Each structure stands twice: as C-alpha cells, then as structure tokens.
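Remarks on the structure that follows.
Given the structure is predicted, the values throughout are model-derived calculations rather than measurements. Lettering follows sequence order; numbering is per chain, from 1.
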Amino acid sequence: MGLAHAKEPLPARIWVGFSNGLLFVELRIAALLLAGLAVIILTNVVTRYAGSPIYWIDELAVFTMVWLAFIGTSAMSRLRLDFAVTFLADIAPKRLGPLIRAGSIVLIIVFGLALAWMSWIMLDPVGIASAGFDARAFAGQTFNFLYTEFTQTLVWPRWAVMLVIPLFSVCLVIHGLANLLEEAGLVERKVRSGFEEEAV
Amino acid sequence: MWTGAAFLTAMLVGAPIGICLCLAAILFLYLDGNTLLYASMPTQLFDSAGNYGLIAIPLFILIGDIMNAGGITGRIVQMALAFIGTLRGGLAYVNLVANMFVASIMGSASSQVAVMSRVMVPEMERQGYRRDFAAGLTVYSGILGPIIPPSIMFVVYSVLAQISVGNMLLSGLIPGLMLAGSFLGLIAILGLFYPYPVNERQPWPVRLKAIIDGLPTLLIPLVIVGSIMGGFANPTEAAAVGVVAALLIGWLWIGDLKLSAMPRLLMRAAGYSAIILFLVAAAGVFSWVLTYGRVPQQVAAWIQTVAQDPITFMLLVNLILLFIGTVIDGAPALIMTVPILLPIATEVYGIDPFHFGVVVVINLVLGFMTPPVGLCLYVASAVTGVKPSRLFVVTLPFFLATAAILVILSIFPFFSTVLSR
Amino acid sequence: QSQSFRLGIATPPGHPWNNAALAAAEMIAEESDGRLDLTVFHASQLGTEAAMLQQLQTGALDFAWLQTAELGTRIPQIAAINAPYLVQSTAKIPDLIRHPKVLELLDLLPAETGTIGLGWGITGMRSVFANREVNSVADLQGMKLRTHTTPAFRDFYELLGTAPTPIPTPQVYDAIANGQVDGLEADLDFSWNQRFDQVTQSILHMNALFMPMVALVSGRVWQGLPEADREILDRATKTALEAQVDELVGNEAGLLTAFEETGIAISTVGEADVADLIERYDAKWVELAPNLPELRAASAEI
Ligand code: NA
Ligand code: NA
C-alpha cells in the first residue's frame with residue numbers, strides 16, 4: 001500500500017485530490033438545491049393559498065433546477081454514474097477495455113473544452129472589460145447584448161444566472177482529467193459518493 | 001449521416017449519452033455551415049433544462065428514494081400479498097399489483113424498476129421463482145410507472161405539445177390498465193410453462209396486520225391526487241406535497257426513515273435527477289440543431305409520401321419510434337421526435353394530440369426495455385445480477401404483448417381520448 | 001442567387017401572427033420567382049424570444065416576430081405601448097400603431113438591439129375571465145388572477161386590487177379549472193382557442209391592454225442583402241402585417257358573439273370607471289418609460 005502510494009506522481013495526486021474536493025462540494029450544493037427546490041414549490045402553494053402569491057417564485061424554482069442539473073451532472077461524471085453504454089468496454093479483451101474507457105473520458109473532456117470555448121464567445125470577458133464594463137457601450141460595439149439583459153420576474157442580471165454553464169464546462173474538464181489519471185493507473189481510484197451501494 | 005455515425009461511435013465508446021448528443025450537435029452545426037449558432041449553444045442548453053414542467057422530475061425521484069428509505073415500498077408489497085392470499089403464482093400477481101400501486105405514485109420507469117426489483121426479486125426467489133423470471137416480470141411491471149398517472153413522460157409531452165397536463169395524464173389511465181390486464185393474462189399463460197410455487201399460507205391475523213400497516217402508505221397517492229383534484233396544486237406542486245407526505249409517513253408514522261440518512265438521500269436523488277435533466281437539455285439542443293437544419297421538414301415530407309391515411313401513418317410512427325427507442329431512451333427521444341411528428345399528426349392526418357401522446361409515450365417507454373440502450377434493463381441488471389441480454393430474452397412475451405396493445409391503441413383512439421374529452 | 005431564410009415566432013401554429021408569417025413567406029416566394037424562400041418556425045422551436053433575439057444579433061437567425069413584452073425589457077420606450085388605456089377599444093389599435101410617434105419607436109431598434117423593425121403586428125384588447133360574477137373593475141378586487149408576466153401588465157392588475165399570479169402557459173387551463181386561481185386575463189383569440197369559457201363564469205372585456213409584436217430582421221443579415229431583395233422582403237412583411245391588423249380588428253365582433261352564444265356573461269368596462277387608474281399608473285411608469293405622455297398625446301389625436 002505504502003509502496004504503491006509512493007509511486008504515484010505528486011502532481012497527479014494533487015489534481016485528483018482537487019477534483020475530489022470539488023466533488024465533495026458539488027454533491028452538497030446539489031443536495032441543498034434539491035431541498036431548496038421542494039421548499040420553493042411548497043412556499044408557492046402556501047402563499048398562493050393564503051392569497052398573496054409571490055410573483056417571481058416560478059422563475060426562482062426554474063433557475064434552482066437548472067443549477068441543480070448542471071452541478072449534479074458534473075459530480076456524477078466524476079463518479080462515472082452517468083447514463084452510458086459500457087458494454088463494448090465490458091466485453092473487450094483485457095487490454096482494450098481501459099483504452100475504450102479512456103476514450104469515453106477523452107470525449108467528455110473534449111465536450112467540456114468545446115462548451116468552455118462557446119461560453120467564452122458568449123460572455124466575451126475581454127470585450128466587456130475593454131469596454132470598461134459599460135454594458136451598453138459593449139453592446140453597441142459588438143452586438144453582444146448579454147450584459148444588458150435581465151431575467152423577467154426576478155430582474156437578475158442574465159449573465160450571472162447563465163454562469164452555471166461555463167462553471168459546468170470547467171468542472172467537467174477537471175473531473176475528466178482526474179478520471180483519466182486514474183484510468184491510466186497513475187493514481188489509485190478511491191473516490192466514493194456514499195450512495196453507490198444503493199444500486200441503479 | 002456523419003452526425004449519426006459520430007453519435008453512435010461516441011455512444012459505443014461509452015461516453016455519457018447526453019454528451020454524445022451535444023457532440024453530435026456540434027458536428028452537425030459544423031457540417032451544415034451554421035457555425036454562428038455555437039455562440040447560442042450555452043443559452044440553448046440552459047433554456048432546454050429550464051422548463052417549469054421538468055421540475056416534477058427531481059421531486060418524483062425524491063419521493064421514490066424517501067419511500068424506499070422509509071420502508072413504505074416494502075409495506076405496499078406486504079399489503080398486496082395479504083389481499084391476494086394463497087394462489088399458485090400468487091407472488092407474481094402481487095408483483096404486478098404492487099407495481100400498479102407504486103405506479104400511481106411514481107412518475108419514472110427507471111426509479112420504479114430500481115425500487116421494485118430490490119423489494120420483489122429477493123422475495124420471489126426466496127419462495128422458489130427463477131430469478132431471471134422474477135427480474136423480467138419486475139421490469140415490465142415497471143413499464144406501468146410512466147403510463148398510469150402521474151408520469152414524467154406525459155408531463156414532458158404535454159409541455160412540448162402545449163396541451164393540458166392534467167388531461168394528458170388522465171389519457172394514460174385506460175391504456176395503463178389495458179397493459180396491466182394483458183400482463184395478468186400473460187402471467188397466467190406463462191404459468192403453464194414455468195412451475196410457479198404457491199405462496200405460503202398466511203394466518204388471518206398476519207394478513208390483517210399487513211393490511212393495517214399498509215394503509216398509511218396509501219396516503220401518499222391520496223395526497224398527490226387529492227391536491228390536484230382539490231384545486232390545491234398543479235402536478236408539480238403535488239409532487240412537492242407528496243415529498244412532505246412521504247417524509248412524514250416514513251419518519252414519524254413508520255419510523256424507518258432516519259433524519260440522519262437525509263443528506264445522503266438528497267445527494268443521491270439530486271445526482272440522478274441531474275443526469276436525467278442534463279439528458280433532457282442535451283436532447284433539447286440536439287433537436288434544436290436538427291430543426292435549424294430543417295431535418296423535421298425533410299422527415300415530414302418523406303412520411304407524407306409514404307403514408308396515405310392516419311392508420312398507416314400511426315403504424316409508421318410506431319416503427320420509427322421503436323427504432324429510435326432502441327438507441328435513445330424516454331424523455332430525450334420524446335423531445336427529439338414530438339416537435340417533428342406532432343404537427344404532421346394533427347395537421348395532415350387529423351389525429352388527436354392526446355391519442356398521439358399515448359401512442360408515442362408507450363412506444364418510447366418500451367424503448368426502456370430494448371437493447372442496446374435500455375435504461376430499465378440496466379437498472380434491473382445492476383440490482384439483481386441477471387445479464388441484460390438474458391432479461392430481454394425472458395421478457396420477450398411481455399414485449400410482444402405490449403406491442404400488440406400498442407397496435408390496438410394506434411388504430412382506436414377511443415381508449416386514449418375517452419377520459420380526456 | 002437563391003437564398004433561404006428562417007423566421008422564428010413564439011406563438012403556436014394557427015395564431016393570427018403565424019398565419020401572417022406564412023402569408024409573407026408565400027408572397028416572398030412569388031415575388032422572387034422562388035429565388036427567395038422563407039421557412040416559418042412556430043412555437044419557439046428555435047428557442048425562447050430572448051434566445052431568438054440573441055440569434056438575430058449574431059446573424060444566425062434572419063427574422064423573428066417578437067412581442068413588446070420581450071422588447072420592452074430592453075427598450076423602455078417600447079414598454080410604454082403596453083400601458084393601460086392607451087386606446088380604449090380594439091378598433092382604435094390600428095390607428096395607434098400606424099401613428100408616426102409609434103412608428104418612430106422602430107428607429108430605436110438598430111442601436112438598442114442590433115435588429116431592424118419592419119412593422120407592427122397586433123392582438124386584440126385583453127379580457128378577464130373569472131370563475132365568479134364580474135360586472136365592473138370593482139368586482140376584480142381581491143381576485144387571484146393569472147396575468148402575463150410583463151411588469152407593465154402586472155402593475156396594472158395590482159392597481160385593480162388583484163393578486164397577479166404567474167402560471168406557465170400550458171398549465172393555465174388546468175389552473176383555472178381546478179381553482180388554483182380565480183381568473184385569468186388574455187386576448188379573445190387565444191381565449192377562444194383554449195376555450196376558457198368552459199371553465200369560467202364571466203368575461204370582463206377590459207379594453208385596457210393589448211400585446212403588439214414587432215417583425216424584426218437581423219441587422220447583420222440585412223446589411224449583406226442586395227437592395228432589390230430587401231425591398232421584396234420588406235414589402236411582403238409589411239403587406240402581410242397590414243392585412244393581419246385589419247383582419248384582427250374585423251374578427252373581434254365575431255369572437256364576442258361566439259362567446260355570447262356559449263351563454264357566458266359578458267360585461268364591458270366603461271371609460272368613467274378608470275380615470276384615476278390611468279393617473280396612478282402613469283405616476284409610476286412615466287419614470288420607467290419617459291415617452292408615455294407622448295404616446296398618450298398621440299392617442300388623443302386619433
Ligand atoms: Na406513474
Ligand atoms: Na432502448
């Protein structure tokens with residue numbers, strides 16, 4: 001055990017540790033968002049029944065669910081519990097299996113990078129900074145109106161609500177690399193959610 | 001063409017299906033010359049997940065997990081057993097009946113199969129049933145989950161079709177009972193080939209106790225249905241009320257649910273909800289990209305040259321969906337096909353949207369049971385240890401029965417529309 | 001050379017706007033001898049109105065017909081057109097949206113949104129459908145009312161003493177049928193399509209609010225088009241919209257008769273009831289939409 005541990009390169013171990021820490025946080029945030037979602041919906045029932053409905057509560061519920069969806073999916077990708085067809089890797093000869101599994105992880109990383117790039121175009125952080133964070137001036141120069149938009153009933157800045165997408169893409173890449181390091185045998189896989197034994 | 005090949009390759013390599021769909025969408029935009037849309041993809045991914053009707057999904061998954069941890073599912077089985085008494089193959093019927101009860105609470109086939117195979121299969125095996133038969137029966141009883149109301153699939157469909165969610169849910173009731181009836185008959189016929197054991201004789205006090213113990217569990221469907229019928233809540237809100245009911249019954253009444261288990265339970269439900277929602281979002285992006293590329297128009301044109309009358313059209317739709325269902329599961333398949341097929345169904349062939357919904361949803365639910373991508377097969381296999389391919393073979397009679405019902409439902413709209421009109 | 005365009009719209013097939021869009025597409029194909037071709041994408045197939053606006057800005061989408069509720073969140077002057085009692089009957093709506101002061105609003109679009117406005121489309125005056133007897137604005141007091149989420153409408157219905165309640169569109173029928181809300185407000189076309197009369201007791205024809213729409217073309221796409229093509233597209237759009245506006249006004253009487261024949265009680269709000277309402281509304285909204293007095297003046301000229 002001690003020997004195997006000593007052979008693991010330090011940078012790889014740090015990366016996997018970082019990914020595990022991120023997973024720990026993601027799972028707890030996702031759980032809180034789910035509990036929050038139930039509470040929000042119940043609040044809506046109660047306040048409407050009491051005759052004083054809260055105008056923005058549907059929008060809040062929808063945003064809570066969207067954040068739950070992306071944060072939770074990122075966590076599940078680290079745990080490798082996403083819906084996937086694994087039978088090819090399962091029936092493949094011994095040495096081919098890990099290679100196919102590594103290929104599936106690479107595809108996740110490729111998607112994470114692509115989504116990060118598309119989010120970069122959408123958010124154009126350099127552009128908005130060079131416009132002095134003046135949303136209207138920026139929109140005038142670039143035809144990118146993201147920073148002038150607000151959500152309909154909460155009136156929150158649209159870009160802030162959308163941040164979950166770039167966040168998701170970065171987390172996918174971080175987890176993907178950690179999974180890849182483990183698949184390559186550089187680090188021993190120890191990550192657990194605490195609910196694997198509950199099946200599905 | 002290349003898009004399809006890329007999707008299949010990515011899927012066979014074992015990448016998550018949601019991510020395969022997104023990658024295929026990116027490739028399609030590139031090949032179609034619509035690269036300007038890359039900047040809109042994050043927004044579209046966000047908006048596809050951000051549909052109010054989808055909120056019911058995480059809530060129903062949470063109810064399922066709470067029911068399971070709270071000992072509620074186990075009591076439903078015991079109660080059904082007590083009602084049926086001694087009978088050759090009794091437990092097989094109990095499996096189906098208990099699944100019908102559970103179906104009236106749960107909206108998703110995969111969570112229902114997960115829960116029920118954990119409860120039913122060991123019990124059936126203990127009494128001398130073959131494990132593969134027990135698991136296969138549970139898988140097909142689980143099909144009732146998304147057909148007998150409530151149903152996530154029907155909610156997603158009504159959102160897409162812009163029709164009343166309540167009426168759509170109601171439309172599934174008679175077809176669901178028809179399926180249950182045909183399965184009951186099938187169990188009886190299969191009994192001629194499988195030597196079913198007779199279940200143990202329970203003394204009356206034990207049966208009475210099981211029934212009394214089981215009664216509080218009936219409060220959960222009562223609360224859900226009651227809050228909708230009573231004008232207290234919409235289906236999504238009823239799910240939230242159901243969460244509270246399951247929580248209170250499992251924790252205070254039955255006492256099997258420990259509050260210390262809640263954080264882990266929430267994390268699990270959140271994780272599985274998330275990957276379903278992401279799959280829905282990814283399928284939304286994929287169908288958006290195909291729509292931009294005018295693929296629906298091309299498919300629509302092709303179908304109209306082949307099908308001359310509504311019945312041919314419906315049968316053709318069944319074949320196409322069965323094919324799609326082998327590779328793509330449930331809600332994503334719904335989102336991909338409904339915007340394409342529904343306008344043709346209603347405008348060209350004059351088919352009732354509720355009737356169409358019933359046929360499409362049952363067909364795609366059947367896709368949960370077909371390889372290579374069959375979520376329920378994998379779920380049941382993970383729980384029971386029976387290989388997915390073996391499960392498919394064992395359940396072939398049920399597959400054929402469902403397909404036969406599907407043809408009847410396709411030809412006669414009556415069964416789907418009588419309650420919703 | 002030949003070119004294909006996409007037009008996105010949020011309303012479902014069969015809505016007057018969707019029919020107008022299809023008419024425009026037909027005219028464009030005819031006048032260009034099939035060289036120009038326009039596909040209409042109904043029911044938000046290409047994304048929400050906000051997403052379609054973004055696609056117009058990048059040039060990914062060519063045309064979109066967007067409601068003033070959406071455009072008003074970006075351009076306050078456009079939100080002013082959603083103010084109550086700008087005109088007090090459907091018959092007067094065409095004169096209002098053809099008034100120079102209203103046509104001028106389209107000039108704000110290029111700088112503010114990167115799109116060009118080709119013309120206005122309209123729906124009729126909105127009505128309140130209630131599951132109780134409602135004969136005047138006073139009867140609305142204390143009602144839970146499903147309203148459109150635009151702040152302009154919400155503020156108005158709050159002034160009337162109702163509790164505005166947002167309900168997603170597919171669930172409105174169920175919500176009113178099972179009593180989650182006491183009523184809803186919508187235009188008559190949509191209401192007839194959804195058969196709200198089957199789940200309510202009475203209609204109060206408000207003659208206060210209507211929801212117009214602007215036919216937009218992407219600024220980037222427009223720049224890249226030859227003058228002759230722009231002319232065809234512009235003319236076809238304007239012709240289709242003119243027809244839509246006139247036809248909609250003509251249909252209102254028929255819709256009201258159709259509702260009357262179902263036996264539902266219909267009342268109409270009179271001008272005398274509402275003078276102070278207008279004052280209280282404008283006190284708040286003149287800050288949000290500074291051109292509101294200008295539009296009121298324009299409406300007085302009609
Ligand atoms: Na169900
Ligand atoms: Na399948």
Would you name the heavy atoms of B:Gly271 and A:Met76 that are closest together and state the gap between them? O-CG, 3.5 Å
Rounded to the nearest 0.5 Å, the CG atom of A:Leu107 sits from the SG atom of B:Cys22 at a distance of 12.0 Å
Between A:Phe63 and B:Phe46, what is the ring plane arrangement, given parallel below 30°, perpendicular above 60°, and tilted in between? tilted
Which atom of A:Leu34 lies closest to which atom of B:Pro58, heavy atoms considered: CD1-CB, 3.7 Å
Which atom of A:Thr73 lies closest to which atom of B:Ala274, heavy atoms considered: OG1-O, 3.1 Å
Below 4.5 Å from any heavy atom of chain A, which atoms of B:Met267 appear? Answer side chain, backbone, both or neither. both
Using side-chain heavy atoms (C-beta onward) and a distance below 4.5 Å, is A:Met122 in contact with B:Met41? no
Whatever's closer than 4.5 Å to a heavy atom in chain B on A:Tyr49 counts as side chain
Look at atom CZ of A:Arg189 and say whether more than 12 heavy atoms of other residues, nucleotides or ligands are closer to it than 6.0 Å. yes
By a 4.5 Å heavy-atom criterion (distance strictly below it), what part of A:Val161 contacts chain B: side chain, backbone, both, or neither? both
Does B:Asn51 reach the side chain of A:Val62, with side-chain heavy atoms less than 4.5 Å apart? no
So OG of B:Ser273 and CG of A:Leu37: to nearest 0.5 Å the spacing works out to 9.0 Å
Contact between B:Ile19 and A:Leu172 at the side-chain level, heavy atoms closer than 4.5 Å - yes or no? yes
Give, as side chain, backbone, both or neither, the part of B:Thr43 having an atom under 4.5 angstrom from any heavy atom of chain A. both
Please round to the nearest 0.5 Å and tell me the distance separating atom CH2 of A:Trp117 and atom OH of B:Tyr38. 6.5 Å
Please identify, among B:Val244, B:Ile55, B:Leu23, B:Val243, the residue contributing the most non-hydrogen atom pairs under 4.5 Å to chain A. B:Ile55
Chain B contact via A:Ala75 - side chain, backbone, both or neither, heavy atoms under 4.5 Å: neither
Find the distance between CD1 (A:Ile40) and CD (B:Glu237) and round it off to the nearest 0.5 Å. 12.5 Å
Quick one: what part of B:Ala239 sits under 4.5 Å from any heavy atom of chain A, side chain, backbone, both or neither? neither
Heavy-atom pair of closest approach, residues A:Gly103 and B:Val13: C-CG1, 3.7 Å
Side chain, backbone, both or neither of B:Leu45 within contact of chain A (heavy atoms, under 4.5 Å): both
Under 3.5 Å, is there a donor-acceptor pair between the side chain of A:Arg48 and the main chain of B:Phe232? yes
Just wondering, do A:Met118 and B:Ile26 contact through their side chains at under 4.5 Å, heavy atoms? yes
Chain B contacts, top residue of A:Leu115, A:Ile121, A:Asp58 (heavy-atom pairs, under 4.5 Å): A:Asp58
Option in A:Arg158, A:Glu59, A:Glu26, A:Met162 with maximal non-hydrogen atom pairs under 4.5 Å from chain B: A:Met162
Minimum-distance pair of heavy atoms, taken over all atoms of A:Ala31 and B:Ala270: N-CB, 4.0 Å
Closest non-hydrogen contact found for B:Ile275 with A:Leu81 is CD1-O, 3.5 Å
